[in-house]
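Have a look at the structure below, then the notes.
Here the structure is a predicted model, which is why all the values come from computation and not from measurement.
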Amino acid sequence: MSTLIFAKIKTMETTKSTGKYWLYFFISLIALILMIIFYRQFFWVVLPFVITSFGLAMDIV
């Protein structure tokens, strides 16, 4: 019985909303595409934001 309660608590703790991280990802992806088009030599400045926000949105980090 107690393991069932702990299993329910664990599943409730692990579910979280990632909607804002998806929004951050798409905004930073658009910024990355614009940087590649207009300032090709500085696209790497936006790259960490794209990678980090994707990792947070996929709940990897």
Review point. From Tyr24 OH over to Thr52 OG1, what is the distance, rounded to the nearest 0.5 angstrom?
Key: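 Tyr24 atom OH to Thr52 atom OG1 measures 13.0 Å (nearest 0.5 Å).
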
**Study point:** Residue list, side chain to side chain contact (heavy atoms under 4.5 Å, CB included) with Leu23, at least two apart or on another chain
**Key:**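 Expected list: Ile27.
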
Practice item. Could you list who else is in Phe42's hydrophobic cluster, with ILVMFWY side chains joined at under 4.5 Å, directly or through other members? Key: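 Hydrophobic cluster check, Phe42: joined to Trp22, Phe25, Phe26, Leu29, Ile30, Leu32, Ile33, Leu34, Met35, Ile36, Ile37, Phe38, Tyr39, Phe43, Trp44, Val45, Val46, Leu47, Val50, Ile51, Phe54, Met58, Ile60.
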
